[in-house]
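Residues: numbered from 1 along the sequence shown. Values in this document were obtained by computation on a predicted structure and should not be read as measured data. Every number for a ligand or one of its atoms is a count from 1 in the order of the listing. Hydrogens, waters and symmetry mates are skipped; everything else that's a heavy atom, side chains included, is used.
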Amino acid sequence: MEKKDLIIRVAGEGGEGIISSGDFIASACARAGLEVYTFKTFPAEIKGGYAMYQVRASADKVWNQGDTFDVFCAFNGEAYELNKHLLTPGTAIVYDYPGGDFEPEIPEGVAGYPIPMSATAKELGSYRAKNMVALGALSVLFNIVEETLIRVLTDKFAKKGEKVLSINLAAFEKGKELAAALEKKDEWALAEAQDPKDVIIIAGNDAVGLGAILGELDFFSAYPITPATEVAKYVSIHIPKIGGTLVQAEDEIASISQVLGASYAGAKSMTATSGPGLALMSEMLGMAAMSETPLMLVDVQRGGPSTGLPTKHEQSDLFLAIHGVHGDAPRVVLSVEHVQDCVEMTIEALNLAEEYQTPVILLSDGSLAFSTQTIPTPKPGSYKIVDRKLWDGQGTYKRYQLTDDLISPMANPGTPGAMHISTGLEHGEDGAPKYAPENHELMHRKRFDKIKPIVDRYPPAELDGVEGEADIGIITWGSTIGVVREGVARLVEQGYKVKAMYPKLMWPMPVDQYEAFNSTCKQILVPEVNFQGQLSHFLRAETSLKPIPYTICGGLPFTPAMIVDKVKEMV
Ligand code: COA
């Protein structure tokens, strides 16, 4: 039975090449014209600990990593113990035996394939090649396009020298032989190669970096932090090609300060960090709001608080992103759903910062950071790029002039006739410090009212599911949207009156859209991956909605089945 949508999970010890194996399978499937969505989780330690990589490959579009796996490849006993409860009839397990550190019990109806991965790798002279033995076996057992697999593993290992490459190619071939000698006991096979589509396969963090380049970024400063570092890594490679600059600062406070300074000097600037970094950056975000300086910040959320779960998934920075600053300071907060959003919404976030001269925070998350997905090939030059309003040189220059749209023309330092004071102190239209009570009220109104039009100008939140009246309305955000899409599709197919709303502009809140959605639903369910139900909190605070929070915070994303079961329980 050709499975249009096959989910393969590879798991074992960090350092055994789990991530590479998954990446190779994902790349090979994408090059074979299949839609790909991957999920990976690994320990905070550099070596050791449980690492897992899941590839979902389909002839049709896929929006999430799925409920569970069809095929499980266990590199060690720990991985087997953590996943054996998912070995249900119809699934298959490929396991390191004999010679591994465990011997699984194969449940009735589960196809078991023993492959001596470790022993074979040792015979070949490199234990590291264990993952390539596994890959060779998987390619034979489940019809993963061999040529493309060999091409991607050659691309990766050729850089490590001829010896490493040849051992790994030999390991791959040996894995194929070992699998070919086994009787095929299940019906799983990857969909045949499809007509090549005009797509790329890219991970979320790289896609944010690509969006920055396509958004014509001039300056990027950051301090490395899991799971955001790859954004800076990508930008560091490509920003010189467009004449831009990247600086790795000594800490997060320095990096946002450099971004603010560069932006003040006229450069389109951004930084990328995770929750702990965002917390450190809050004071300078206040400075950006007060000085009305464009600034874009990507927050790749991780498990918090404090060091928390640095490599695990969570959506728990909404409170910090929206209100994390002292005083009343406006900002715009967007959140991405998938990798294509990571490209396109990075460009949008840069545009909004430039146009409204305010901080814009783009929320991504740990599962999306490392999730590789197939997306339509981005087309340079096809995106709307917005630059800041600049003074036309006429009349007397006032940095904070009260214009009709409350957005005052900027002037790069050194512009003749545009000399002005720029300060974090409260100030008048000319920028000079001003303490009059009525002025503080006036400038607050300016800073807050200038971004209000975004709610109407930003595309309305996408609606999904049944039209008109619904028993259950689901509101969710970030990468959880992809899971809810599949859950809603299954529920509607089973006749449930359920609909969903997928906001991406988180702040300022599209209150009217939430109210309109609410007026057609008997109950509102809000699934999100954090402990307090942070979006639910804002819905209660800013709208008349009575949301029912549905929160998980185990470092893993929702699955479609969880959404389906919850709605059925409610109905
Ligand atoms: N032959 C030779 N080299 C191989 C190989 C093979 N058969 N299979 C994999 N490798 C290499 C990979 O190329 C990679 O090296 P590279 O980084 O130079 O490319 C390395 O071995 C690790 O393999 P990989 O498959 O990428 O990862 P893994 O599954 O072994 O897991 C991690 C290792 C991901 C857990 C670990 O490397 C890591 O990154 N930990 C950091 C976690 C973190 O972010 N902590 C911060 C907390 S604040």
Side-chain angles (χ1 to χ4, degrees), residues 8-27 38-55 73-76 78-79 96 117-118 120-139 149-150 152-175 203-206 222-233 251-252 272-277 300-314 365-367 369-372 555:
I8 300 176
R9 176 177 295 185
V10 182
E13 170 118 341
E16 285 193 307
I18 306 295
I19 307 299
S20 304
S21 311
D23 276 338
F24 293 157
I25 295 171
S27 300
T38 74
F39 170 75
K40 68 179 174 183
T41 180
F42 48 85
E45 296 75 13
I46 299 299
K47 195 158 172 43
Y50 174 69
M52 182 272 271
Y53 195 113
Q54 184 154 306
V55 183
C73 183
F75 274 41
N76 65 8
E78 181 190 26
D96 183 12
M117 308 166 192
S118 313
T120 306
K122 283 177 193 156
E123 281 164 24
L124 289 168
S126 161
Y127 182 75
R128 302 216 68 173
K130 167 180 179 180
N131 59 346
M132 292 305 110
V133 177
L135 210 55
L138 289 169
S139 74
L149 269 180
I150 289 176
V152 293
L153 77 86
T154 302
D155 289 349
K156 172 109 177 184
F157 292 140
K159 298 173 201 142
K160 294 178 182 280
E162 188 44 44
K163 185 167 180 298
V164 170
L165 177 58
S166 58
I167 284 186
N168 280 294
L169 288 172
F172 184 83
E173 289 305 319
K174 195 69 185 149
N205 277 355
D206 290 349
Y223 182 73
I225 182 169
T226 297
T229 307
E230 289 76 10
V231 176
K233 188 175 165 188
D251 58 35
E252 284 88 352
T273 187
S274 187
V300 187
Q301 303 169 91
R302 72 190 217 180
S306 183
T307 314
L309 300 169
T311 61
K312 304 301 182 192
H313 171 64
E314 209 164 76
D365 61 49
S367 72
F370 304 120
S371 172
T372 45

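Counting heavy atoms closer than 4.0 Å to ligand 1, residue Asn168 contributes side-chain atoms (C-beta onward) but none from N, CA, C or O. Contacts between Glu45 and ligand 1 below 4.0 angstrom, taking non-hydrogen atoms only, involve the backbone exclusively. Within the 4.0 Å heavy-atom criterion, the part of Thr311 lying near ligand 1 is the side chain and not the backbone. Contacts between Thr226 and ligand 1, counted as non-hydrogen atom pairs separated by less than 4.0 Å, involve the side chain only. Proximity of Thr307 to ligand 1, defined as any heavy-atom pair under 4.0 Å, is not found for any part of the residue. Residue contacts with ligand 1, taken as heavy atom pairs separated by less than 4.0 Å, involve Pro310 solely via side-chain atoms from C-beta onward.
The shortest heavy-atom distance from Phe157 to ligand 1 is under 4.0 Å. Heavy-atom distances between Glu13 and ligand 1 stay at or above 4.0 Å for every pair. The closest approach between Lys130 and ligand 1 stays at or above 4.0 Å for every heavy atom of the residue.
With respect to atom 8 (N) of ligand 1, the closest heavy atom belonging to the protein is Asn131 ND2, 3.0 Å. For atom 21 (O) of ligand 1, the closest heavy atom belonging to the protein is Arg128 NH2, 2.7 Å. Taking atom 37 (O) of ligand 1 as the reference point, the nearest protein heavy-atom neighbour is Ile46 O, 3.6 Å. When only non-hydrogen protein atoms are considered, atom 42 (C) of ligand 1 lies nearest to Pro43 O, 3.3 Å. Shortest contact from atom 45 (N) of ligand 1 to any protein heavy atom: Ala44 O, 2.7 Å. Shortest contact from atom 9 (C) of ligand 1 to any protein heavy atom: Ser20 OG, 3.4 Å. Counting only heavy atoms of the protein, atom 15 (O) of ligand 1 lies nearest to Lys160 NZ, 3.5 Å. Looking only at heavy atoms of the protein, atom 39 (O) of ligand 1 is closest to Phe42 CE1, 4.7 Å.
Put simply, the side chain of Tyr127 reaches to within 4.5 Å of the side chain of Ser118, judged on heavy atoms. Leu165 places a side-chain heavy atom less than 4.5 Å from the side chain of Phe157. Put simply, the side chain of Ile25 reaches to within 4.5 Å of the side chain of Leu135, judged on heavy atoms. Residues His313 and Ser371 have side chains not in contact (no heavy-atom distance under 4.5 Å, counting atoms from C-beta outward). Using a 4.5 Å heavy-atom cutoff, the side chains of Asn168 and Lys156 are not in contact.
Put simply, atom 17 (O) of ligand 1 has no protein non-hydrogen atoms near it, under 4.0 Å away.
When only interatomic distances are considered, the shortest N/O to N/O separation between Val164 and ligand 1 does not fall below 3.5 Å. When only interatomic distances are considered, the shortest N/O to N/O separation between Glu16 and ligand 1 falls below 3.5 Å. Residue Ile19 has at least one N or O atom closer than 3.5 Å to an N or O atom of ligand 1. Checked by distance only, ligand 1 and Gly14 stay at 3.5 Å or farther apart across all their nitrogen or oxygen atoms.
Ser274 approaches Val300 most closely through the heavy-atom pair OG-O, 2.7 Å. The two atoms that bring Asp365 and Glu314 nearest to each other are CB-O, 3.7 Å, heavy atoms only.
Against a heavy-atom cut-off of under 4.0 Å, Gly15 is close to the following atoms of ligand 1: 28 (P), 30 (O), 31 (O), 33 (C). When each atom of ligand 1 is checked for a heavy atom of Lys156 under 4.0 Å away, the hits are 13 (O), 19 (O).
Here the CD1 atom belonging to Ile18 is positioned 12.0 Å from the NZ atom belonging to Lys40, to the nearest 0.5 angstrom. With rounding to the nearest 0.5 Å, the separation of OG in Ser20 from CG in Asn131 is 6.0 Å. Distance check, rounded to the nearest 0.5 Å: CD of Glu13 to CD of Glu78 gives 6.5 Å.
Scored by the salt bridge (Lys or Arg N to Asp or Glu O under 4.0 Å) test, Asp155 finds Arg31 as partners (sequence neighbours excluded). Residues meeting the salt bridge (Lys or Arg N to Asp or Glu O under 4.0 Å) test with Glu173, sequence neighbours left out: Lys176.
Around the OH atom of Tyr223, the shell of radius 6.0 Å holds no more than 12 heavy atoms that belong to other residues, nucleotides or ligands.
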Quick one: do Thr372 and Tyr53 satisfy side-chain contact (heavy atoms from CB on, under 4.5 Å)? Show the steps, please. CA-CA 11 Å; Thr372 45; Tyr53 195 113; 3.5 Å; yes
